[in-house]
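Okay, so here's the structure we're looking at.
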Amino acid sequence: MELLVQPHGRMLQVSAGANLLNVLREHEVPVSYSCMAGRCGTCRCRVLDGEVHEAGREIKLTNPLESAYVLACRSTMIGDCTIEIPEPDEVVVHPARVFKARVANVERLTQDVVRLRLKANRAWSHSPGQYAMLQFAPDLIRPYSMAGLCGDELIEFHIRLVPGGRASEHVGGSLKAGDEVRVSGPMGTAYLRTRHEGPMLCVAGGTGLAPVLSVVRGALQAGMRNPIHLYFGVRTRADAYGLAWLDELADRHDGLRVHLVVAAGSADAGHRSGLVTHAVAADWSGLGGWRVYLCGAPPMVEAGTFLARRLGADPEHIHADAFYTAGT
């Protein structure tokens, strides 16, 4: 069988039943991957033509205008196929690790947000904006985004405490310095694209600020001077945190503009009132050529994605993670 890999234009001879990610790696085709188990989404590829079987579902394309995404690590070859590697110049490879870490400190940032910092027992790598799975107990595992950068002495997470949530009660009530936490990752595709030279829109809702902070910190570390507009949406003024961190980043980056948007209450000095997506819509009539990073509650992420597409952002340039609180 033949596999045509775009945009490289490479034709590969493959065997029936071969794993797509293994084929790409064996032929040294640059492709992003991490967990290799279908969880992180990093190895997403688009099927342009032909047949491929992905984790129990078969995709067959006959219309050249159709497109479908599959996870290369979960896909097997069953016929001639043409695929496209998204953003071949932005490939990241951080093989997922499972390691132990010790709690360095648990700091209350607001009435229901804590800052958890861990000391890992081994080195690991991740891209700004990715997340990890934290295991506090055998049956207590939750995903949280990193707020810092690869190479930081401590791994930082921001965790919202949800009333009645098992993980929330554990983190906010009994977790203490010295406790052991098992970490697995990195995961996620909403990581910083460092080769982008145009403007960036970062929209954070609540603790969605953590990966957005990572993205902005990563941009500064990489020497990117792109205009960055960061919109931070919170429920009330008391829910806003990390403003000193944002001010410090703005002092270091002339092109960074921070917009604090408070949903409830009248506008006060230093912030705007209303929904964060409404603030974005009021400020911009077009987002063509922008990179968009969204993180927060699912309704905000969905609304932000819809808005960005309506304003002309390329769907493939909208990078999003949503935080689900069920079972938290």
Side-chain angles (χ1 to χ4, degrees), residues 34-35 37 39-40 94-188 190-191 204-218 221 234 238-246 248-249 295-297 321 323-328:
S34 180
C35 76
R39 295 189 301 270
C40 70
H94 303 295
R97 308 283 190 226
V98 179
F99 57 91
K100 295 178 182 178
R102 294 284 179 183
V103 175
N105 65 298
V106 182
E107 174 190 0
R108 187 70 65 118
L109 298 177
T110 72
Q111 62 180 355
D112 62 357
V113 173
V114 299
R115 179 193 196 193
L116 171 63
R117 295 198 292 175
L118 305 177
K119 176 67 173 179
N121 70 352
R122 59 179 295 181
W124 75 313
S125 62
H126 63 86
S127 289
Q130 290 191 298
Y131 68 93
M133 304 297 295
L134 301 188
Q135 181 176 355
F136 303 105
D139 62 343
L140 192 55
I141 305 173
R142 298 290 186 270
Y144 298 107
S145 297
M146 284 74 75
L149 300 176
C150 179
D152 287 351
E153 180 181 359
L154 299 176
I155 313 171
E156 179 177 329
F157 303 91
H158 302 164
I159 300 175
R160 180 171 174 246
L161 305 181
V162 179
R166 292 180 59 230
S168 296
E169 292 178 352
H170 180 75
V171 173
S174 59
L175 194 67
K176 62 184 183 303
D179 286 352
E180 184 178 279
V181 178
R182 187 177 294 270
V183 182
S184 60
M187 301 181 183
Y191 54 82
T207 52
L209 181 64
V212 165
L213 276 171
S214 181
V215 165
V216 175
R217 288 166 171 165
Q221 183 185 67
V234 294
D239 295 311
Y241 72 92
L243 300 183
W245 304 332
L246 296 174
E248 187 269 337
L249 289 172
C295 193
D321 281 325
F323 287 175
Y324 292 84
T325 58
T328 302

Pairs where residues 207-217 contributes a residue and the test salt bridge (Lys or Arg N to Asp or Glu O under 4.0 Å) is met, not counting sequence neighbours = none
query = Which salt bridge (Lys or Arg N to Asp or Glu O under 4.0 Å) pairs, counting each pair once, include a residue from residues 110-126, with sequence neighbours left out?
reply = Glu107-Arg115, Asp112-Arg160, Asp112-Arg235, Arg115-Glu156
Quick one: [atom1] on [X] to [atom2] on [Y], what's the gap to the nearest 0.5 Å?
{"X": "Leu175", "Y": "Phe136", "atom1": "CG", "atom2": "CZ", "value": "6.0 Å"}
{"X": "Leu243", "Y": "Glu248", "atom1": "CG", "atom2": "CD", "value": "13.5 Å"}
{"X": "Ile159", "Y": "Leu134", "atom1": "CD1", "atom2": "CG", "value": "6.0 Å"}
{"X": "Trp124", "Y": "Phe99", "atom1": "CH2", "atom2": "CZ", "value": "4.5 Å"}
{"X": "Leu154", "Y": "Met146", "atom1": "CG", "atom2": "CE", "value": "14.0 Å"}

Could you check whether any side-chain N or O of [X] sits under 3.5 Å from a backbone N or O of [Y], counting only pairs where one atom can act as donor and the other as acceptor?
{"X": "Ser34", "Y": "His94", "value": "yes"}
{"X": "Arg108", "Y": "Gln111", "value": "yes"}
{"X": "Gln130", "Y": "Ser127", "value": "yes"}
{"X": "Ser214", "Y": "Gly129", "value": "yes"}
{"X": "Ser168", "Y": "Val162", "value": "yes"}

Identify the heavy atoms of [X] and [Y] that sit nearest to each other, and give their distance.
{"X": "Leu118", "Y": "Ala101", "result": "CB-CB, 3.9 Å"}
{"X": "Gly218", "Y": "Pro128", "result": "CA-CG, 3.8 Å"}
{"X": "Tyr144", "Y": "Ala167", "result": "OH-CB, 3.9 Å"}
{"X": "Ser125", "Y": "Cys150", "result": "CA-SG, 3.4 Å"}

message = Quick one, Lys100 with Val181, criterion side-chain contact (heavy atoms from CB on, under 4.5 Å). Give me CA distance, side-chain angles, the key distance, then yes/no.
response = CA-CA 6 Å; Lys100 295 178 182 178; Val181 178; over 6 Å; no
Could you work out, with side chain to side chain contact (heavy atoms under 4.5 Å, CB included) as the rule, every residue matching [X], not counting sequence neighbours?
{"X": "Ala137", "answer": "Asp139, Leu140"}
{"X": "Cys35", "answer": "Ala37, Arg39, Cys40, Ala96"}
{"X": "Asp152", "answer": "Leu149"}

ask   = Listed by chain and number, what are the salt bridge (charged side-chain N to carboxylate O under 4.0 Å, His left out) partners of Arg102, not counting sequence neighbours?
value = Glu180
Contact between [X] and [Y] at the side-chain level, heavy atoms closer than 4.5 Å - yes or no?
{"X": "Met133", "Y": "Arg142", "value": "no"}
{"X": "Leu246", "Y": "Leu209", "value": "yes"}
{"X": "Tyr191", "Y": "Pro186", "value": "no"}

key: Evaluation steps, side-chain contact (heavy atoms from CB on, under 4.5 Å), between Val98 and Val183   = CA-CA 6 Å; Val98 179; Val183 182; over 6 Å; no
query = Val114 and Leu161: side-chain contact (heavy atoms from CB on, under 4.5 Å), yes or no, with the steps?
reply = CA-CA 7 Å; Val114 299; Leu161 305 181; 3.9 Å; yes
ask   = In terms of the angle between their ring planes, are His158 and Tyr241 parallel, tilted or perpendicular, with boundaries placed at 30° and 60°?
value =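 The rings of His158 and Tyr241 stand perpendicular, inter-plane angle above 60°.
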